[in-house]
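Each chain gets a letter, A, B and so on, in the order its sequence line appears, and its residues count up from 1.
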There are 2 protein chains.
Amino acid sequence: MLTIGDLSRATGVKIPTIRYYEQMGLMAAAERSGGNQRRYESHDRERLSFIKHARDLGFTIEAIRELLELSAHPDRPCVDADEIAVRQLQSVRNKIAKLRLLEKELDRMTSRNHDDQVKHCYVLRSLANHDMCVSEH
Amino acid sequence: MLTIGDLSRATGVKIPTIRYYEQMGLMAAAERSGGNQRRYESHDRERLSFIKHARDLGFTIEAIRELLELSAHPDRPCVDADEIAVRQLQSVRNKIAKLRLLEKELDRMTSRNHDDQVKHCYVLRSLANHDMCVSEH
DNA sequence: CATAATAGCTATAGATACTGGAGGAACACA
DNA sequence: TGTGTTCCTCCAGTATCTATAGCTATTATG
Ligand SMILES: [Zn+2]
Ligand SMILES: [Zn+2]
Ligand SMILES: [Zn+2]
Ligand SMILES: [Zn+2]
């Protein structure tokens, strides 16, 4: 039997976050002690570790809900789970592509000499004028 | 004189967002028509374009507030503005680095044959077990 | 001028995924 | 029994919008 604090230390998920996951239905409502405190078992720890790992990889709560639901049916085909992961990979690649464009512009803006006054500042002039940018973003 | 709709079309910023920026103090409270509708001038359009451009580049509202404040003093040195931009560049590079790690793991997870059942699914097994990952994240 | 269509107003709530605090109760240990 | 740590619920706040409801103003047409 684990307290919520034990579970938190075991998984690295903060206590309010565990309660939040319960509220969101990702974790089942825990059993309670006589004094109304949550008590967990090892399968709860495994489930929460799964959730944390997926969150660390950027899956949304909704995606995780689906992945957990799928995990409950070991004999079904896993195409749905694979598709969710592929979508997540695409979303990550999209974000990287967008951030690369931003990096390029910010690098350009900041790579000039800046021993200057506000009225001549290349950073501020670039922000005021998107035409100075080399890409869409 | 521009209505809020004109300003929205001219800058690509949605109407509720313009009102939100006013509430946040990024845009000055607009003058009003007899019937209490907001009326803008071209300097408002320039200011809002600046805000939009900076938001598109990922600057926070707080950073933009500082940049706008700096812009109001043309004769001061611009080191503060440059520093804000450099910090933003670093933040973007940080995000890219983290996303690359996620991309690597997600690519590994999804690059197997998946003609399979849930109980053998490499995606689900990987999510259940961080030891299968090749990096921290 | 009357009416209709379009556009604007405020106030409030929702999305996303948590995080923190107040005020009080329970638990573990000596 | 006392003490210190942990836990409880409820509520508010973070960041940046976005959307709805219910109402009013402006503009265009006949
Ligand atoms: Zn500068
Ligand atoms: Zn630009
Ligand atoms: Zn699979
Ligand atoms: Zn991992």
Strictly below 4.0 Å: does [X] bring a side-chain N or O up to OP1 or OP2 of [N]?
| X | N | answer |
| --- | --- | --- |
| B/T60 | D/dA15 | no |
| A/R38 | D/dC7 | no |
| A/T17 | C/dT19 | yes |
| B/R19 | C/dA11 | no |
| B/R55 | D/dC17 | yes |
| A/Y21 | C/dC18 | yes |

Flag side-chain contact, heavy atom, 4.5 Å: B/R38 against B/R19: yes
Heavy-atom distance under 4.5 Å between the side chains of A/E105 and A/S135, does that happen here? yes
Walk me through it: do B/Y21 and B/R47 pass the test side-chain contact (heavy atoms from CB on, under 4.5 Å)? CA-CA 11 Å; B/Y21 289 158; B/R47 188 178 175 96; over 6 Å; no
Between A/D44 and A/L2, does the side-chain contact (heavy atoms from CB on, under 4.5 Å) criterion hold? Intermediate values first, please. CA-CA 9 Å; A/D44 295 311; A/L2 303 164; over 6 Å; no
Begin with the C-alpha distance, continue with both residues' side-chain angles, and end with the deciding distance and a verdict on side-chain contact (heavy atoms from CB on, under 4.5 Å) for A/T11 and A/R45. CA-CA 7 Å; A/T11 59; A/R45 202 195 49 222; 3.9 Å; yes
[atom1] of [X] versus [atom2] of [N]: gap in Å, rounded?
| X | N | atom1 | atom2 | answer |
| --- | --- | --- | --- | --- |
| A/Y20 | D/dG13 | OH | P | 18 Å |
| B/R39 | C/dG8 | CZ | P | 8 Å |
| A/I61 | C/dT19 | CD1 | C1' | 14 Å |
| A/R9 | D/dT5 | CZ | C1' | 10 Å |
| B/I18 | D/dT16 | CD1 | P | 17 Å |
| B/D6 | C/dG8 | CG | P | 7 Å |
| B/L26 | D/dA15 | CG | C1' | 13 Å |
| B/E22 | C/dG8 | CD | C1' | 13 Å |

If you assign each of A/N36 and A/K14 to its closest nucleotide in DNA chain C, which residue comes earlier from the 5' end? A/K14
Would you mind telling me which of [options] lies closest to the side-chain atoms of [X]?
| X | options | value |
| --- | --- | --- |
| B/S33 | C/dG8, D/dT9, D/dT26 | D/dT26 |
| A/I4 | C/dG20, D/dT18, D/dC7 | D/dC7 |
| A/I15 | C/dG20, D/dT18, D/dC7 | D/dC7 |
| B/Q37 | C/dG8, C/dG20, D/dT16 | C/dG8 |

Contacts to DNA chain D from residues 84-96 of chain A, heavy-atom cutoff under 4.0 Å, which residues? none
Is the closest basic N to carboxylate O distance between B/R100 and B/E103 below 4.0 Å? no
Toward the 5' end of DNA chain D, which comes first, B/T3 or B/M24, by nearest nucleotide? B/M24
Whichever of B/G35 and A/Y40 has the more 5' nearest nucleotide on DNA chain D, that residue is A/Y40
Using a 4.0 Å heavy-atom cut-off, does B/R32 contact any base of the nucleic acid, only the sugar-phosphate backbone, or nothing at all? sugar-phosphate
With a 4.0 Å cut-off on heavy atoms, is A/F59 in touch with a base, just the backbone sugar-phosphate, or nothing at all? nothing
So, A/N94 and A/S91: side-chain donor and acceptor under 3.5 Å apart, yes or no? no
If you round to the nearest 0.5 Å, how far is CG of B/L124 from CG of A/D82? 7.5 Å
